[in-house]
Amino acid sequence: MNINDLHDLFFNMKMTSSIKRGKNIPPVQFVEFKKGSWTFDFNSQLYDKLFNRLFELDELDIENDEREKELLSIIAQMPEVFDASRELAQMYNDEDDRSDEVNQIYEKAFALARSYIPENFRKGQDQIPWACIENRPFLRLIEAYGEFKEMDEGIESAIPIYLQLLSWNPTDEQGILNRTTSVKRTASVKKDLL
């Protein structure tokens, strides 16, 4: 597939969890490993292969077109490689006039990730802890989505995303609370100055 075909495939792809896609796709599960703590379970050789390929890309000196093709290929094979979506969105964000595509990437990947969270996940009580390595790509994706919203639309658009992230990961290893607190403080100081 050429890059244009992969690009079209991604932007026309309906992201659904592998649970709903059928048995030909390796299973990805979201499991409660202890009361109130949940983790993604990427029990899949394909996931491991694609995740490793993603890290290999960081070591390669390749043009953006080739990197884009590789990222789109990873996502097309298994959209649950959330770091690939995050990296593609960040790559597009570095280019002019692509914020609509960046937003679409984040929204699709975020919707897919949320589709794994079951109905019995207790909002405000259950957690998706950073301590579980399998959760980190998801949590990084949500953080990057919030950062994009903050830069593109302002902090008010990002705050609900950051608050959702904090409710899932209240131990806040990503420093979201510090960021939102300092942003709120800065906004308050600016308001007082004006």
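Numbering starts at 1 and runs along the sequence shown.
Using modelled atom types, one side-chain atom of R67 and one backbone atom of L57 make a donor-acceptor pair closer than 3.5 Å. Judged by distance alone, the side chain of D172 and the main-chain N or O of L177 form a donor-acceptor pair under 3.5 Å. At least one donor-acceptor pair under 3.5 Å links the side chain of R136 to the backbone N or O of W130. A donor-acceptor pair under 3.5 Å links the side-chain atoms of S167 to the main chain of Q164, judged by distance alone. No donor-acceptor pair closer than 3.5 Å links the side chain of T171 to the backbone N or O of E173.
Follow the hydrophobic side-chain contacts under 4.5 Å out from I62 and you reach L88 in the same cluster. Under the 4.5 Å side-chain heavy-atom criterion for grouping Ile, Leu, Val, Met, Phe, Trp and Tyr, L112 is not connected to V31 through any hydrophobic cluster. Placement of I133 and L165 in two distinct hydrophobic clusters is found when ILVMFWY residues are connected by side-chain heavy-atom separations under 4.5 Å, directly or transitively. Linking ILVMFWY residues whenever their side-chain heavy atoms come closer than 4.5 Å, directly or via other members, places L163 and L139 in the same cluster.
For the pair Y47/V81, a side-chain contact is recorded, criterion being any heavy-atom separation below 4.5 Å from C-beta on. Residues L54 and L71 have side chains in contact (heavy-atom distance under 4.5 Å, counting atoms from C-beta outward). The closest side-chain heavy-atom distance from S44 to M78 is below 4.5 Å.
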Given side-chain contact (heavy atoms from CB on, under 4.5 Å), test F30 with F121 step by step and report yes or no. CA-CA 10 Å; F30 191 66; F121 186 90; 4.0 Å; yes
Which is it for I128 and I117 under the side-chain contact (heavy atoms from CB on, under 4.5 Å) test, yes or no, and what are the steps along the way? CA-CA 10 Å; I128 305 171; I117 299 174; 4.0 Å; yes
Apply side-chain contact (heavy atoms from CB on, under 4.5 Å) to residues Y106 and L141 and explain how you reach the verdict. CA-CA 8 Å; Y106 281 128; L141 172 76; 3.9 Å; yes
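With sequence neighbours excluded, the residues forming a ring pair (Phe, Tyr, Trp, His ring centres under 6.0 Å) with F110 are Y145, listed by chain and number. Taking N93 as the reference, V102, F148 meet the side chain to side chain contact (heavy atoms under 4.5 Å, CB included) condition, with sequence neighbours excluded. The side chain to side chain contact (heavy atoms under 4.5 Å, CB included) search around S157 returns K149, E153, not counting sequence neighbours. N120 meets the side chain to side chain contact (heavy atoms under 4.5 Å, CB included) test with W38, P118; sequence neighbours excluded. Q127 pairs by the side chain to side chain contact (heavy atoms under 4.5 Å, CB included) definition with P129, P170, not counting sequence neighbours.
Summarising the geometry of I74 relative to A84, their closest heavy-atom pair is CG2-CB, 3.8 Å, with the distance given to 0.1 Å. The two residues C132 and T39 come nearest to each other via the heavy atoms CB-OG1, 3.5 Å.
Using modelled atom types, one finds a donor on one side chain and an acceptor on the other under 3.5 Å when comparing E150 with Y162. Between the side chains of E107 and N103, at least one donor N or O lies within less than 3.5 Å of an accepting N or O.
Counted within 6.0 Å of CD on E63, heavy atoms from surrounding residues, nucleotides or ligands total 12 or fewer; the atom is thus considered open. Other residues, nucleotides and ligands contribute at most 12 non-hydrogen atoms within 6.0 Å of the CG atom of D97.
Exactly one residue among E70, Q77, K69 makes a side-chain hydrogen bond (donor to acceptor under 3.5 Å, both in side chains) with S73. That residue is Q77.
In this structure, F82 has its ring center under 6.0 Å from that of F40.
Sorted by first then second residue, the salt bridge (charged side-chain N to carboxylate O under 4.0 Å, His left out) pairs that include residues 137-146, not counting sequence neighbours, are D83-R140, E143-R179.
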